[in-house]
Amino acid sequence: CIRDRLAHLRTVPVANAGHRVAVVPAVNPDGLARRERTNANGVDINRNFPASNWSGRTSSGRTHGGASPGCEPETQAVMTAVHMTAPARILSIHSIARGRHCNNYDGPAAAIAHAMAAANGYPVRATMGYATPGSFGTWAGVDRNIPTVTLELPRDLPGEQCWAQNREALLTFIQHK
């Protein structure tokens, strides 16, 4: 549960020392409730950001980027949160098929991804091996130059095991200079 994880972070003095942490537990609540990738409008929020590589070519399906970049309210809320918090770095957490799990980075985040890998043993990847037009990583990491790491967890691994594998990697991310 996210509350337990946040409570843990509050109890680790080194994690809190001089660090401000903002957490957005769910960027796509519609999709989360339906256990689907798209929101209620059928748009993949992680393909809807006004990134330099946004593409309107896909008109439907699991990775539909929307009618225009940034048109979805969830996308706008995330963009507002980024503008308001002015993060020094961003960690996004996704899930993927086992064997593809990794510390995927965008923008100037290679060193952070490698430091996390020392803690979680996950491979470090600059690309997922497929196109990600309009992704949050491109918008924040590449276009805005904010170091951005997407922690891709093994989808079939229970939450407690993911937490155990990544607790130190998350602290490493928070403390990285």
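We find the NE2-CG distance between H94 and L153 to be 10.0 Å, quoted to the nearest 0.5 Å. One distance of note links CG of D156 with CD of Q161; it measures 9.0 Å at 0.5 Å rounding.
Residues N41 and E72 meet the side-chain proximity criterion, which asks for heavy atoms closer than 4.5 Å. Looking at heavy atoms from C-beta onward, D44 lies out of side-chain contact with H64 at the 4.5 angstrom threshold. Between T132 and R47 there is a side-chain heavy-atom pair separated by less than 4.5 Å.
By the criterion of side-chain heavy atoms lying less than 4.5 angstrom apart, applied directly or through intervening Ile, Leu, Val, Met, Phe, Trp or Tyr residues, I93 is grouped together with V124 in one hydrophobic cluster. Clustering ILVMFWY residues whenever any of their side-chain heavy atoms sit less than 4.5 angstrom apart, transitively, puts W54 in a cluster other than the one holding F136. A single hydrophobic cluster is seen to contain both V24 and I146, as judged by linkage of ILVMFWY side chains at heavy-atom distances under 4.5 Å, directly or through other members. Under a hydrophobic clustering in which Ile, Leu, Val, Met, Phe, Trp and Tyr are joined whenever their side-chain heavy atoms come within less than 4.5 Å, directly or via other members, M79 and I90 fall into the same cluster. Under the 4.5 Å side-chain heavy-atom criterion for ILVMFWY residues, a single connected hydrophobic cluster contains both L170 and Y122.
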Determine, stepwise, if the pair M128 / I96 fulfils side chain to side chain contact (heavy atoms under 4.5 Å, CB included). CA-CA 11 Å; M128 292 306 295; I96 198 164; 3.4 Å; yes

Check step by step if side chain to side chain contact (heavy atoms under 4.5 Å, CB included) holds for T138 and S52. CA-CA 7 Å; T138 302; S52 56; 4.1 Å; yes

Evaluate side chain to side chain contact (heavy atoms under 4.5 Å, CB included) for E168 paired with N120, printing each intermediate quantity in order. CA-CA 7 Å; E168 292 305 315; N120 66 10; over 6 Å; no

Might you work through the side chain to side chain contact (heavy atoms under 4.5 Å, CB included) test for D106 and W139, ending with a clear yes or no? CA-CA 9 Å; D106 290 289; W139 178 78; over 6 Å; no

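Of all the heavy atoms in P69 and P50, the pair that sits closest is CB-CA, 3.5 Å. Among all heavy-atom pairs drawn from H83 and R144, the shortest one is CE1-NE, 4.4 Å. Between I112 and P147, the shortest heavy-atom distance links the atoms CD1-CB, 3.8 Å. Between L91 and M116, the closest heavy-atom pair is CD1-CE, 3.9 Å. Shortest non-hydrogen contact noted between C71 and A67 is SG-N, 3.8 Å. Across all their heavy atoms, V82 and P87 have their closest contact at O-CD, 3.3 Å.
Partner of I45 under the side chain to side chain contact (heavy atoms under 4.5 Å, CB included) criterion, out of N39, T38, D30: N39 alone. Checked against S95 for a side chain to side chain contact (heavy atoms under 4.5 Å, CB included), the options E152, H101, R100, R155 give a single hit: R155.
Donor-acceptor pairing under 3.5 Å is lacking for the side chains of N46 and S135.
A cation-pi arrangement, defined by a distance under 6.0 Å to the six-membered ring centre and an angle within 45 degrees of its axis, is absent between R125 and Y105.
Put simply, the side chain of R34 never gets that close to the backbone of P29: no donor and acceptor are under 3.5 Å apart. Using modelled atom types, one side-chain atom of N28 and one backbone atom of G31 make a donor-acceptor pair closer than 3.5 Å.
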